[in-house]
Peer 1: 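The following block contains the structure, expressed as structure tokens.
Here is the naming used below: chain letters follow the sequence lines, and residue numbers restart at 1 for every chain.
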Amino acid sequence: MAFAGGADDDNLVINGDLEITTKAAAPQHLDGVLDEVISGWHFRSDETQALEMDDFDNPGMIFVDQAVDQWNTAEGSEGKSCADCHGAPEDMAGVKAVYPKWNEAAGEVRTLQMQMNDCRTNRMGADAWKYDAGDAINMVALMSSVSRGMPVNVATDGPAAELWQKGKDLYYTRTGQLELSCANCHEDNYGNYIRADHLSQGQINGFPAYRLKNAKLNGVHSRFKGCVRDTRAETYSPGSEEFIALELYVASRGNGLSVEGPSVRN
Amino acid sequence: MRLTAMTATMALVAGAAFAADVAPGDLQFDEYGAIEESLTGMAGDAENGAKIMASKSKGNCIACHEVTALQDAPFHGEVGPMLDGVGGYRSAAELRGIVANAKMTFEGSVMPAFYKTKGFIRPGDGYTGKAPAGDELPPILTAQEIEDVVAFLLTLQDG
């Protein structure tokens, strides 16, 4: 059996010039838990890694192109497009890095998809997008691509603290008949193989992730759902308060890593 | 009348073949987490035990453990210790206890309990992600399957 051990020492540079921080000193809130946070990219094979190093090879970029079209398309009763209010997608650089984020006016923590749906329903008079599906996940991929290389910097304090704590509790809860928590696999055992899978830290800086396994872009909540299901548990739904809390917490575990999505994973 | 008969029949179907089995809720662990008594009173079938350990839908033990004797089955994991020789340094009682509920031997272990049916947080219906039908789940392995796995583990003498 060929065991690859922990994270490899390769460097991720996209298109020959965009340097991605894939290993960083762990944020303070992980003191005593992890010294270093590591992108899931380091746990994939050289072949899979290579697909993310050039946008022409990255199948996720096809969906980014589709999202650019969507960005410029007027929809809804107001006849407005995203571009009408926000300009070019590149003008949104840095937004993805700080989500999920507290929205003062709404008095809630919002994921990017919640915020986009707020724009659609309240500002465009258009239908909300289905969570983690089609247009929504493509647009998250676009928002991510224009932030690539910028450090994830999700706020964990202030009004977000309560939900963050809830997410942390979920991260350490051992669910299902297998009684496994996120931490059991992604904190205690990253670098180890579980059957054929090389366990990473379960970071989400690379999301949405194009998975070779299902040949599409996968959202954070869909990934969480799969991992919870694999503990023989009743899952939560994409868009649920539990997964919003978990996304906030898991995102903050990657503070300091670069935004990397759309990534390529197996 | 008919209802009672049906209920009785159903109870029989559920329990009949395994009437002598120790139920998951009645396991007797000693202070180290071992279980002295066979769960079925019948000898385990080591060959079947090997199959259960390698099968993804049964024990899936090799997801976490490397076992040289099972090297024909692909992809052994590294989450748990390699099990070569474990039959030499662990007794049947210890192995039975570990497979039935490893947390009684290793506090807080990541190893799942294979003969446990309740007391879970958000239990699901197998790998469907859905809520289960009742409030008790079937154990992952039956009493006889536990005995079969223990019989196989006891054959692992060199390591």
Side-chain angles (χ1 to χ4, degrees), chain A residues 1-7 43 45 132 166 169-202 221-238 240-243 245-246 266, chain B residues 24 53-68 70-82 84 101-104 106-133 135-141:
Chain A
M1 261 141 275
F3 292 141
F43 300 85
S45 69
D132 267 6
K166 181 174 178 180
D169 293 345
L170 284 165
Y171 193 86
Y172 288 98
T173 300
R174 302 184 64 159
T175 58
Q177 192 168 19
L178 300 187
E179 297 175 281
L180 293 170
S181 69
C182 314
N184 286 147
C185 287
H186 294 296
E187 185 173 291
D188 305 340
N189 279 296
Y190 72 89
N192 285 331
Y193 273 86
I194 187 162
R195 200 119 196 183
D197 290 315
H198 196 195
L199 282 168
S200 71
Q201 289 185 347
H221 292 195
S222 304
R223 178 82 235 198
F224 290 172
K225 188 176 170 187
C227 282
V228 174
R229 183 198 58 218
D230 286 350
T231 69
R232 286 179 175 250
E234 180 187 355
T235 60
Y236 302 99
S237 303
S240 63
E241 203 204 30
E242 286 84 1
F243 278 168
L246 197 54
N266 53 335
Chain B
M53 286 191 61
S55 154
K56 226 172 178 166
S57 57
K58 284 287 179 182
N60 199 18
C61 314
I62 61 171
C64 292
H65 294 284
E66 193 183 351
V67 186
T68 305
L70 298 175
Q71 63 190 357
D72 285 351
F75 309 129
H76 296 215
E78 312 171 293
V79 170
M82 116 98 82
D84 288 6
N101 186 348
K103 289 166 183 75
M104 304 301 282
F106 311 107
E107 202 191 330
S109 181
V110 301
M111 177 163 156
F114 289 89
Y115 202 57
K116 179 175 167 179
T117 55
K118 55 185 177 194
F120 304 112
I121 299 170
R122 282 189 83 81
D125 176 10
Y127 289 108
T128 63
K130 305 234 158 45
D135 36 300
E136 259 190 76
L137 304 176
I140 300 174
L141 297 179

Peer 1: For E241(A), does the CD atom sit with more than 12 other heavy atoms under 6.0 Å from it, leaving out its own atoms?
Peer 2: no
Peer 1: Could you tell me which non-hydrogen atom of Y127(B) sits nearest to which non-hydrogen atom of L178(A), and how far apart they are?
Peer 2: OH-CD1, 3.7 Å
Peer 1: Can you sort out the partners of T68(B) under side-chain hydrogen bond (donor to acceptor under 3.5 Å, both in side chains), two or more places apart, ordered by chain and number?
Peer 2: D84(B)
Peer 1: Taking it one step at a time, do R232(A) and L137(B) satisfy side-chain contact (heavy atoms from CB on, under 4.5 Å)?
Peer 2: CA-CA 10 Å; R232(A) 286 179 175 250; L137(B) 304 176; over 6 Å; no
Peer 1: Do side-chain atoms of E234(A) reach the backbone of R122(B) as a donor and acceptor pair under 3.5 angstrom?
Peer 2: no
Peer 1: Return yes if some donor-acceptor pair links the side-chain N/O of E78(B) with the main-chain N/O of H198(A) below 3.5 Å, else return no.
Peer 2: no
Peer 1: What do the steps show when you test T231(A) against F120(B) for side-chain contact (heavy atoms from CB on, under 4.5 Å), and what is the final call?
Peer 2: CA-CA 11 Å; T231(A) 69; F120(B) 304 112; over 6 Å; no
Peer 1: Looking at every heavy atom in both V110(B) and L180(A), which two are closest together, and how far apart are they?
Peer 2: O-CD2, 3.3 Å
Peer 1: Kindly compute the distance separating OG1 (T235(A)) from NZ (K130(B)), expressed to the nearest 0.5 Å.
Peer 2: 8.0 Å
Peer 1: Please identify, among A113(B), C64(B), S109(B), the residue contributing the most non-hydrogen atom pairs under 4.5 Å to chain A.
Peer 2: S109(B)
Peer 1: With a 4.5 angstrom heavy-atom cut-off, could you sort out which part of T175(A) is near chain B: side chain, backbone, both or neither?
Peer 2: both
Peer 1: Can you pull the salt bridge (Lys or Arg N to Asp or Glu O under 4.0 Å) pairs that have at least one residue in residues 172-199 of chain A, sequence neighbours excluded?
Peer 2: E179(A)-K103(B), E179(A)-K116(B), E187(A)-R253(A)
Peer 1: Against chain A, label D125(B) side chain, backbone, both or neither, depending on which of its atoms sit under 4.5 Å from a heavy atom there.
Peer 2: neither
